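Some notes on the structure that comes next.
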Amino acid sequence: MILETMLTDWMRKVFSGVLEGTPIEPGRVVVVATADGAFGDYQCNAAMGLARVARRKPVEIASLVKERIDAARSDFLERVEVAGPGFLNLYLRTDWLVEILDQIAVDVRHGVPRVGEGRTVLIDYSSPNVAKPMHIGHIRSTVIGNALDRCYRYLGYRVIADNHIGDWGTQFGILILGYRNFLDRDALRDHPIEELERLYVKSYEQARQSTEWMDQARQELVKLQAGDPENRRLWAEFIQLSLAEFETIYRRLDVKFDLIRGESYYHDQLAPMLARVMEAGIARESEGALVAFLEEEKLPPAIVRKSDGAFNYAATDVATVLSRVAEFNPDRIVYVTDERQQLHFKQFFAICRRLGVTVQLEHVWFGLMRLPEGTFSTRQGNVIKLDRLLDEAEARAAALVKELTPEMEPERQTQVARAVGIGAVKYADLSQNPQSLVTFSWDKALSMNGNSAPYLQYAYARMASLRDKYRERFPTGKPETFPLQMTEPVERVLALALVRFPETLIRAVESSKPSLLADYLYNLAGTYSTFYQNVPVLKAAEGVRESRVRLGGAVADVLRTGLNLLGIEAPERI
RNA sequence: ACCCCCGUAGCUCAGUUGGAUAGAGCAUCGGAUUUCUAAUCCGACGGUCGCAGGUUCAAGCCCUGCCGGGGGUGCCA
């Protein structure tokens, strides 16, 4: 059940009863969680907003609403208060909260409805380029996309996670030329990606200095796209080497795709797509290229085929949408890329709409990763590679585990270090608004204190440990046969937080912001830590003890589920 | 030149889409462990929400202008 939705529906009815004859637009009356417990559990601010149309004072409306609510007996509401200019503060009945919590505690889904049942969403994320190593700039798309992937699945959607590899761009012309001229075979055998990258960088340097070199690179690309056997062979080798390297990273990050289809997969569909575009009159010839003019959408022109006859990424992306619609018929396609592609997405979305595509297209963009000294790029050679970041994270976590949990067997220490290190890296990206620009720092990416994955994992491990200690000390105890009691204020706060898990998750998915879930989990873990530190559990009297074990168990379940939805492991011991 | 983002505590960032007294982490300072994991907890310090107007019961959030930073703008992706 979604508490927020339930309260909103109920409040809307109350309002329309009070303001008979006044039209109330949907969305006008909304109940939301209070920011501060001092104002109750949930609040409704609609009285102020409706004052004008109803031509009455806000406080008057609020008071009438309160009267009506007071007149009816409620099984979920303790009381409602009118405050300030017309706020309605709702205080939920604790016994009702306990009842809901009772249901959630035994529900494997923690009260989350399968709102995506029967719907399909395709998520296009990670999408690295062949022949380049994955660096810290790729981690945001991978981690954010994967979190969305997991959340959508949990909500009951059929999800198709597609890794749209960059295997068809201009870089191959440059790379093939570099391969022919500068290849070091031993280096290719020992460090394939590094060598390919070196070849690309060197060839790119040449191209910058010489237009002749650049033209030659273009020709190699055209040959490749035309099916030249030798270029095809090289191209296939580059891809195979790259995929193997990407796979080791994805394994470490526990990221799995349903499809790995490069841009090349859609190659045969480019010409038919173009025919449709031309037929629909969306594009026309201009300076030798085929260009879609998008004045109606107030967008600059988009080239769909270059004057040399080659297709570019706008063409590929449109063809990709058509192919996906034909094959999977998704309700929604979500793209996770960095901010630089915003215009491109607006343009090709517009072309798709003109072609009559009705699937919901969404671009989830995130701020570019920067270094303190500025931007980084392959060409400048100041990239921080992803495997190095992960190595460092695991090393730091390992040192911490050894220091703080020396009694743990070494094999387990390694496992925990991996979960903690990788978790820290992922959480660093997930815990902030994706759209803010990010300055990379080792200490932030690998933070193990405060608002970090290890903090959440630590809280979880304490819960798990407490649960096990209870079994140890009270082998015949059956907590589930005892009622939940809210004897300390912090317990009620925990109960309320648990009940809010479904609405938080749904909000996170709807706004494509895993950070909302991360934020929720941090609050939950923080409240639990306060509880743990200040409220005895195993030493409490029988009954209270079992109630607290149950409450802690419910928090643990939600925390673990939430962490897993972010792609973060929750070890039982840490 | 135009378009899109961003600007919040010393630093790094949240801020539930317009709600009440703007919150965390780090850093600094002070406290808590004969007790269920101190990777923790409790407290203190810290703010002209870039600047100036506007909209309204209410603005960090919406509108206009300006300043600063980043990104983008018909043959890269």
Side-chain angles (χ1 to χ4, degrees), chain A residues 4 32-36 38-39 43 45 48-49 51-52 57-59 83-87 89 127 129 166 168-171 174 218 263 286-293 298-308 310 312-314 316-317 337-344 346 365 367-368 370 374-375 397 400-401 403-405 420 431-433 435-439 441 443-444 447-452 454-455 457-459 461-462 464-467 469-470 473 503-504 507 511 515-516 518-520 522-523 526 529-540 548-549 552 573-574:
Chain A
E4 215 175 58
V32 294
T34 52
D36 185 339
F39 301 122
Q43 64 176 303
N45 308 325
M48 277 99 74
R52 178 161 300 177
K57 290 184 174 163
V59 179
F87 294 107
N89 295 334
S127 309
N129 287 323
W168 203 243
T170 310
Q171 77 261 29
I174 292 172
R218 285 214 185 88
E263 296 166 357
S286 170
E287 293 171 42
L290 293 176
V291 182
F293 291 91
K298 293 190 181 120
L299 291 170
I303 290 179
V304 291
R305 200 186 69 185
K306 301 192 277 182
S307 52
D308 65 4
N312 64 356
Y313 66 133
T316 311
D317 281 341
T337 83
D338 72 61
E339 60 183 328
R340 289 175 303 185
Q341 305 199 32
Q342 286 180 80
L343 175 59
H344 163 65
K346 283 181 191 162
W365 58 268
L368 218 48
R370 283 155 235 272
T375 55
L400 209 53
V401 173
E403 185 190 331
L404 296 164
T405 322
V420 167
S431 62
Q432 62 188 323
N433 180 350
Q435 304 193 337
S436 58
L437 134 179
V438 174
T439 301
S441 90
D443 285 338
K444 200 171 89 189
S447 167
M448 307 274 165
N449 305 299
N451 192 357
S452 66
Y455 176 88
Q457 289 166 323
Y458 179 67
R462 284 171 134 189
S465 170
L466 201 53
R467 174 200 63 206
K469 282 243 161 60
Y470 176 86
R473 291 189 201 175
E503 65 195 42
T504 306
R507 193 189 298 272
S511 57
S515 61
L516 297 181
D519 197 45
Y520 165 85
Y522 176 59
N523 274 316
S529 295
T530 297
F531 165 80
Y532 181 91
Q533 201 80 20
N534 300 307
V535 180
V537 176
L538 299 183
K539 301 187 105 186
R548 288 178 182 162
V549 167
R573 296 286 179 277
I574 194 168

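By convention in this document, chain letters (A, B, ...) are assigned in the order of the sequence lines, proteins followed by strands, and residues within each chain are numbered from 1. Quick caveat, the model's predicted, so the values are computed rather than measured.
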Whole-Å distance between [N] [atom2] and [X] [atom1]?
X	N	atom1	atom2	answer
A/Arg507	B/G15	CZ	P	12 Å
A/Ile574	B/U40	CD1	C1'	12 Å
A/Tyr520	B/A24	OH	P	19 Å
A/Glu403	B/U40	CD	P	13 Å
A/Trp365	B/G72	CH2	P	13 Å
A/Tyr522	B/U40	OH	C1'	11 Å
A/Tyr455	B/A39	OH	P	12 Å
A/Leu299	B/C4	CG	P	11 Å

Looking only at atom types and distance, does a side-chain atom of [X] sit under 3.5 Å from a main-chain N or O of [Y], one as donor and one as acceptor?
X	Y	value
A/Gln43	A/Thr34	no
A/Glu403	A/Leu400	no
A/Arg467	A/Val549	no
A/Asp519	A/Ser515	no
A/Ser511	A/Arg507	yes

Counting any heavy atom closer than 4.0 Å, what does [X] reach on the DNA or RNA strands: base, sugar-phosphate only, or nothing?
X	answer
A/Ala83	base
A/Ser307	base
A/Ala35	base
A/Glu287	base

Give none if [N] has no partner; otherwise give the nucleotide forming a Watson-Crick or G-U wobble pair with it, both distances under 3.5 Å.
N	value
B/G43	B/C29
B/C62	B/G54
B/U73	B/A1
B/G18	none
B/G7	B/C67

Are A/Phe87 and A/Phe39 near enough that their ring centres are under 6.0 Å apart?
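No, the ring of A/Phe87 stays outside the 6.0 Å limit from the ring of A/Phe39, centre to centre.
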
Atom [atom1], compared across [N] and [M]: separation rounded to whole Å:
N	M	atom1	result
B/C29	B/G69	P	35 Å
B/A38	B/G47	P	34 Å
B/C42	B/G7	P	29 Å
B/C41	B/C5	P	37 Å
B/U17	B/U37	P	39 Å
B/A22	B/U28	C1'	22 Å
B/G30	B/U8	C1'	28 Å
B/A39	B/G68	P	48 Å

Heavy atoms, side chains only, cut-off 4.5 Å: are [X] and [Y] in contact?
X	Y	answer
A/Tyr455	A/Ser447	no
A/Tyr532	A/Leu466	yes
A/Ser452	A/Gln457	no

Checking one value: the base orientation of B/U34, syn if chi is within 90 degrees of 0, otherwise anti.
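Anti conformation for B/U34.
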
Counting primed atoms, P, OP1 and OP2 as sugar-phosphate and everything else as base, the B/S/- map of nucleotides 28-36 of chain B against protein heavy atoms under 4.0 Å is -------BB

Considering only heavy atoms and no angle criterion, is a donor-acceptor pair shorter than 3.5 Å present between the side chain of A/Gln171 and the base of B/A77?
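In this structure, the two groups form no donor-acceptor pair.
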
Tell whether A/Asn89 reaches the base of B/A20 with its side chain through a donor-acceptor pair below 3.5 angstrom.
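For A/Asn89, whose side chain was compared with the base of B/A20, there is a donor-acceptor pair (under 3.5 Å).
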
Would you tell me if any nitrogen or oxygen in the side chain of [X] comes within less than 4.0 Å of OP1 or OP2 on [N]?
X	N	answer
A/Lys346	B/U73	no
A/Arg52	B/C57	yes
A/Thr530	B/C42	yes

Nearest to the side chain of [X], which nucleotide is it out of [options]?
X	options	answer
A/Tyr458	B/C57, B/C13, B/A38	B/A38
A/Asp519	B/C57, B/A14, B/C42	B/A14
A/Glu263	B/A77, B/U17, B/U37	B/A77
A/Leu343	B/U16, B/C41, B/U73	B/U73
A/Tyr313	B/C41, B/A39, B/A77	B/A77
A/Gln432	B/U40, B/U37, B/C13	B/C13

Got more than 12 heavy atoms from elsewhere within 6.0 Å of NZ, A/Lys57?
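For A/Lys57, atom NZ is not crowded (no more than 12 foreign heavy atoms under 6.0 Å).
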
Reading RNA chain B from 5' onward, which residue's closest nucleotide shows up sooner: A/Ser529 or A/His344?
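In this pair, the answer is A/Ser529.
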
Contact nearer the 5' end of RNA chain B, comparing A/Asn433 with A/Asn451:
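The residue whose closest nucleotide sits nearer the 5' end is A/Asn433.
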
Has A/Phe87 got its ring stacked on B/A20, by the test of a centre gap below 5.5 Å and a plane angle below 30°?
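A/Phe87 vs B/A20: stacking yes.
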
So is the aromatic ring of A/Phe39 stacked onto the base of B/A20, judging by whether the centres are under 5.5 Å apart and the planes are under 30° apart?
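Answer is yes, a stack.
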
State whether a side-chain donor-acceptor pair under 3.5 Å links A/Arg462 with A/Gln533.
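Yes, side-chain donor-acceptor contact under 3.5 Å.
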
